[in-house]
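In what follows, a single structure is set out as C-alpha cells and then discussed.
Per chain, numbering begins at 1; letters A, B, ... match sequence-line order. We use all heavy atoms of the structure for the numbers below, so side chains are in, but hydrogens, waters and symmetry mates are not. The model shown is predicted, which means the values in this text are computed figures rather than measured ones.
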Amino acid sequence: DGGITQSPKYLFRKEGQNVTLSCEQNLNHDAMYWYRQDPGQGLRLIYYSQIVNDFQKGDIAEGYSVSREKKESFPLTVTSAQKNPTAFYLCASTGTGPQPQHFGDGTRLSIL
Amino acid sequence: AQKVTQAQTEISVVEKEDVTLDCVYETRDTTYYLFWYKQPPSGELVFLIRRNSFDEQNEISGRYSWNFQKSTSSFNFTITASQVVDSAVYFCALTKPNTGFQKLVFGTGTRLLVSP
C-alpha cells in the first residue's frame, strides 16, 4: 500500500543533543512537509520541499533542519538550538495541485 | 493573511446524537480550498473532504455532511447519529491554489468525545 512512514514513533532527546526524525513516502509525491503539533494548537509548518534538493522554511523553522536528497525521503533534524522540542511531529506529502495532503502516523518527541 | 477559527475546543455527546463542528475562515483570496481532517487517537490525520471556493454545494457522505457558506465564511461539519468511533480531533484547514506546494493554515481543532 502507498503511504507515508514516520519513525520512530517515540523519541527522547537529551539536553544538547540533535535528533533526526525519519519520513519516507512511496506515493511518488513531489512535495513534502513537516508540521509540529502542540496540545490545543493546530499544526504549524516547520519546513517544506517542492522538489529534490530544494526546501523552504515554514512558519517555525528556527532550531530545525531538513534535507531532501531523494524524492522519497525528507528527514527532519531537531537541533539543540530548539529549546522547546517536546511536541508531536507530523510529516505529509502531496502531489501536484490542491490535492489533500497525506500524513504519516507522527513521531512524539520528548526531553529526558 | 489567512486564518481559520474553530471556536469549539471540545464537544461531548452521547452516541446517536447529531453534532456540528464549526469552522470560520478568513482570506483575501478569491480562490481557495477548504479541508476537513480527522485525527484519531493514533495520531495520523485522515483526509475527509476538500471544497473549492467556487463550489458552494453542500455535500453528504454517509453520516457526514458539510455546509459551505461564503456569505458567512463558514465551512461547518455535521455528524449525524454519532458513534464512539467518531471520537477524535477534527481540524479545518485553508489553502490557496498553488501548483507544487500547498501551505495549509489549520484551525486549532475541535475534540469530539462520543460516549456510549
Quiz item: Quick one: CZ on B:Phe106 to CD on A:Gln37, what's the gap to the nearest 0.5 Å?
Solution: 9.0 Å
Exercise. Identify which of A:Gln101, A:Arg108, A:Gln41 forms the greatest number of heavy-atom pairs closer than 4.5 Å to chain B.
Key: A:Gln101
Quiz item: CZ of A:Phe103 to OH of B:Tyr37: how many Å apart, nearest 0.5 Å?
Solution: 5.0 Å
Self-check item: Engaged part of B:Thr9 at the chain A interface, taking heavy atoms whose separation is under 4.5 Å
Solution: neither
Quiz item: Does any non-hydrogen side-chain atom of A:Asp59 lie less than 4.5 Å from one of B:Lys103?
Solution: yes
Quiz item: Around atom CD1 of B:Ile60, are there more than 12 heavy atoms of other residues, nucleotides or ligands at under 6.0 Å?
Solution: no
Quiz item: Applying the 4.5 Å side-chain criterion to the ILVMFWY set and letting contacts propagate, would A:Leu27 and A:Met32 be lumped into a single cluster?
Solution: no
Self-check item: Shared hydrophobic cluster for A:Tyr89 and A:Val66 (ILVMFWY, side-chain gaps under 4.5 Å)
Solution: yes
Quiz prompt | Heavy atoms of other groups near B:Lys3 NZ, more than 12 under 6.0 Å | solution = no
Quiz item: Hey, any chance B:Ile49 and B:Val19 share a hydrophobic cluster, counting ILVMFWY side chains that come within less than 4.5 Å of each other, even indirectly?
Solution: yes
Quiz item: Would B:Phe35 and B:Tyr32 show up in the same hydrophobic cluster when neighbours are defined by side-chain heavy atoms closer than 4.5 Å?
Solution: no
Practice problem: Looking only at non-hydrogen atoms, find the nearest pair between A:Pro100 and B:Arg50 and report the distance. | Solution: CD-NH1, 4.3 Å
Quiz item: Which distance, rounded to the nearest 0.5 Å, do you find between the CG of A:Asp105 and the CG of B:Leu45?
Solution: 10.5 Å
Quiz item: Side chain, backbone, both or neither: which part of A:Leu90 has an atom under 4.5 Å from a heavy atom of chain B?
Solution: side chain
Quiz item: B:Gln39 versus chain A, heavy atoms under 4.5 Å apart: side chain, backbone, both or neither?
Solution: side chain
Quiz item: Is there a path from B:Leu34 to B:Trp36 through hydrophobic residues (I, L, V, M, F, W, Y) whose side chains come within less than 4.5 Å of each other?
Solution: yes
Quiz item: Does any non-hydrogen side-chain atom of A:Tyr33 lie less than 4.5 Å from one of B:Leu104?
Solution: no
